[in-house]
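Just follow the structure's listing: the first ligand is 1, and inside any ligand the first atom is 1.
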Amino acid sequence: MPPSSLRVVYAFAREMHPKTTDVFIEYGTAGFRTKANLLEHVVYRMGLLAVLRSRCKNGRTIGLMITASHNLEPDNGVKLIDPDGEMLEQSWEEIATRLANVSDNDLESTTGEIIKQVNADMALKASVYIGMDTRYTSPRLAAAAVHGVIALKGTPKEFGIVTTPILHFCVKCRNDNTYGTPTEEGYYEKIVGAFKNIRQKLPVYGAYSTTLHVDGANGVGGKKLNIIRKSLDGELDLVLFNLGGNGGKLNLNCGADFVKVSQKPPVGMELTPLQRVASLDGDGDRLVYFYMDEDCKNMHLLDGDRIATLLASFIMDQLKACGARDLRIGLVQTAYANGASTRYITDDLKIPVTCVKTGVKHLHHAALSYDVGVYFEANGHGTVVYSDTAKSVIRKIALDGDAEERKAAELLLNFIDMTNETVGDAISDLFMVETVLCARGHDARHWYNTYKDLPCRQLKVTVEDRNAISTADAERQCTSPAGLQARIDELSSAYDSGRAFLSSAYDSGRAFVRPSGTEDVVRVYAEADSQHSADKLAAEVAQAVYDMAGGVGDRPTVSE
Ligand SMILES: CC(=O)N[C@H]1[C@@H](OP(=O)(O)O)O[C@H](CO)[C@@H](O)[C@@H]1O
Ligand SMILES: [Mg+2]
């Protein structure tokens with residue numbers, strides 16, 4: 001592109017999407033996320049960057065998703081998707097941050113520097129897929145993204161309102177046509193089609209019921225399930241709540257994050273004793289389940305750890321049944337995984353487990369080192385990834401195995417097709433969970449009773465600069481400010497772990513702190529042998545953070 005036409009681009013950017021704030025913004029755990037009115041120039045610039053990324057990847061398609069996931073309506077965000085449908089490569093996060101924060105006057109020179117730094121061939125074609133969630137601020141931001149893409153002569157394709165995982169899927173399909181068709185319909189055909197294939201062969205028996213209640217978080221996931229619902233041919237009876245009507249606000253007192261963090265059922269739902277309920281987050285990439293007990297007083301949560309253990313144990317059984325014993329299955333978690341789940345995976349399922357830093361990109365990456373890698377954050381974000389070897393071994397058994405082996409291999413092949421391997425996907429995960437429960441004739445109580453969660457509590461503390469906190473060992477140790485880890489150890493040692501069955505290394509409560517990548521807060525997590533102890537330990541650690549890491553506002557309180 002001649003420099004003169006670039007000049008017009010930057011004049012246009014200043015005019016149409018000017019930088020109106022000096023607040024520094026960082027490409028964090030899940031892209032940029034902040035108040036929607038601070039984002040327009042950022043999204044425009046991400047349109048520019050997506051084109052450069054595409055040109056660095058030989059013109060392969062890049063995704064650009066506008067969403068703030070489980071955050072409340074006034075927030076929004078943007079993230080880029082790499083050609084294989086994965087999160088943007090980490091080395092580009094710093095580049096994205098630089099481009100988002102330069103002044104309008106420096107945009108031209110900085111873009112030029114980045115083009116040189118990444119060695120983008122500006123003569124190549126570039127393609128960017130753009131999707132958005134249901135926020136009222138999303139269409140305006142999507143328009144800014146389109147302008148950014150066109151400005152550098154890339155080709156944008158708008159998908160309108162889609163779940164984040166649908167966009168990841170489409171990006172992957174566009175760059176690898178063996179994966180599927182890069183459209184929303186192509187996604188339904190593959191994922192929902194595979195579910196129906198399996199379920200038509202599975203009898204409904206035992207305690208399993210085909211009725212599933214769903215909390216759609218008043219976001220895009222519920223809307224898409226409403227489309228899917230009509231094509232399920234009675235294999236699953238979805239009863240949908242929180243679809244965005246009746247004044248329901250996105251993620252407000254509903255959705256997967258609310259249910260997981262508050263440990264309460266969502267508003268806007270009819271609660272039926274023992275009924276299995278699936279709760280999605282605002283952009284449809286997280287899923288948790290729950291059910292209410294007989295008198296609808298207590299809620300039992302089935303979170304990401306539960307989904308991971310359910311899927312891993314089922315896949316392991318199928319691998320055994322089809323004789324593919326050499327394939328290595330592994331599970332990836334973060335420090336937020338409930339200690340009881342880690343124990344169950346290690347001791348009962350005897351599956352290797354890895355702990356990595358928070359953020360799907362870390363989990364995804366670690367899962368790829370197994371033939372079958374199951375990864376989930378406790379909050380319900382996760383999926384399963386299969387190596388090429390795993391797929392070809394299973395395909396071969398489906399052709400050459402004995403009758404029983406073939407049957408298990410065919411089921412697994414459909415199970416793989418039902419999986420959105422690019423990223424955690426509430427819709428795909430929901431179909432996988434329903435398949436396992438149906439195959440086992442289980443209801444939510446059977447699932448819940450596989451192990452007993454340790455009581456836990458999550459809190460947030462506001463500090464002057466959350467980056468004053470640094471961590472090591474997959475975020476389980478705090479390395480600064482000095483002395484904070486020693487204090488956390490001291491506080492934790494006053495509690496019992498509730499894990500008498502484990503070695504002495506685990507006999508105290510467990511707590512850790514880390515700066516959030518999506519909110520301006522420090523997160524605190526605590527686990528102990530009773531809810532009261534977990535709550536108290538979390539509050540005490542929150543106080544320590546407040547005191548030693550520059551707390552602002554009211555000091556957290558500890559109730560006796
Ligand atoms: C404790 C927790 O749930 N943290 C979430 C949250 O990140 P933070 O960096 O903790 O704000 O949002 C991320 C993006 O959705 C998700 O990957 C992560 O698990
Ligand atoms: Mg989400």
Side-chain angles (χ1 to χ4, degrees), residues 26-34 65-72 75-79 81 87-88 93 131-135 162-168 216-222 224 250-251 254-263 279-288 301 303-305 308 332-338 355-365 375-383 420 423-429 456-462 466-467 469 471 474-476 511-527 538:
E26 201 170 351
Y27 198 102
T29 323
F32 294 105
R33 216 178 268 190
T34 185
M65 182 71 195
I66 292 163
T67 178
S69 182
H70 56 280
N71 293 28
L72 294 178
D75 288 0
N76 215 326
V78 56
K79 61 180 171 188
I81 302 167
M87 300 288 186
L88 177 67
E93 292 180 4
M132 60 182 174
D133 69 14
T134 54
R135 282 160 219 268
V162 282
T163 65
T164 299
I166 291 181
L167 193 69
H168 281 256
N218 295 310
V220 51
K224 299 305 177 194
L250 179 67
N251 298 324
C254 63
D257 194 62
F258 170 81
V259 172
K260 165 73 182 159
V261 176
S262 71
Q263 305 185 19
S279 192
L280 279 58
D281 79 335
D283 66 334
D285 64 358
R286 285 196 201 172
L287 176 73
V288 298
L301 178 68
D303 63 4
D305 302 337
V332 186
Q333 302 186 310
T334 71
Y336 291 100
N338 194 283
C355 180
V356 298
K357 280 181 8 184
T358 303
V360 190
K361 56 193 170 206
H362 303 297
L363 288 107
H364 189 92
H365 187 77
Y375 72 84
F376 269 85
E377 294 189 308
N379 60 33
H381 187 122
T383 186
N420 184 348
V423 79
D425 180 338
I427 293 177
S428 150
D429 292 341
C456 62
R457 178 62 61 200
Q458 252 195 67
L459 292 176
K460 301 177 193 181
V461 187
T462 309
R466 69 189 198 271
N467 294 317
I469 305 263
T471 63
E475 300 171 324
R476 290 171 291 191
F512 66 92
V513 300
R514 56 174 280 278
S516 159
T518 59
E519 287 175 67
D520 196 8
V521 295
V522 174
R523 292 198 198 282
V524 172
Y525 178 90
E527 220 172 71

Any N/O pair [X]/ligand 1 closer than 3.5 Å:
| X | answer |
| --- | --- |
| R523 | yes |
| G517 | yes |
| S69 | no |

**Prompt:** For ligand 1, which atoms have a heavy atom of A30 less than 4.0 angstrom away?
**Reply:**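 Those of ligand 1 that fall under 4.0 Å from A30 are 14 (C).
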
**Message:** If the cut-off is 4.0 Å to any non-hydrogen atom of S516, which atoms of ligand 1 fall inside it?
**Reply:**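 Those qualifying, in numeric order: 8 (P), 9 (O), 11 (O).
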
**Prompt:** Has the side chain of T383 got a donor or acceptor atom that lies under 3.5 Å from a matching backbone atom of N420?
**Reply:**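 Here the side-chain-to-backbone pair exists.
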
**Message:** Looking only at N, O or S atoms in D281, which is nearest to the Mg ion (ligand 2)?
**Reply:**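 In D281, the heteroatom (N, O or S) nearest the Mg ion (ligand 2) is OD2.
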
**Message:** Which atom name would you report as the N, O or S atom of D285 nearest the Mg ion (ligand 2)?
**Reply:**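 Within D285, restricted to N, O or S, the Mg ion (ligand 2) is closest to atom OD1.
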
**the Mg ion (ligand 2) contact by T164, N, O or S atom under 2.8 Å** =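 It does not: T164 brings no N, O or S atom closer than 2.8 Å to the Mg ion (ligand 2).
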
**Residue D283, metal the Mg ion (ligand 2), N/O/S under 2.8 Å** =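 Checking D283: at least one N, O or S atom is under 2.8 Å.
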
**Message:** Looking at ligand 1, would R514 count as a contact under a 4.0 Å heavy-atom criterion?
**Reply:**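 Distance cut 4.0 Å: R514 passes for ligand 1.
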
**Item:** ligand 1 contacted by E377 (non-hydrogen, < 4.0 Å)
**Value:**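 A heavy atom of E377 does come that close to ligand 1.
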
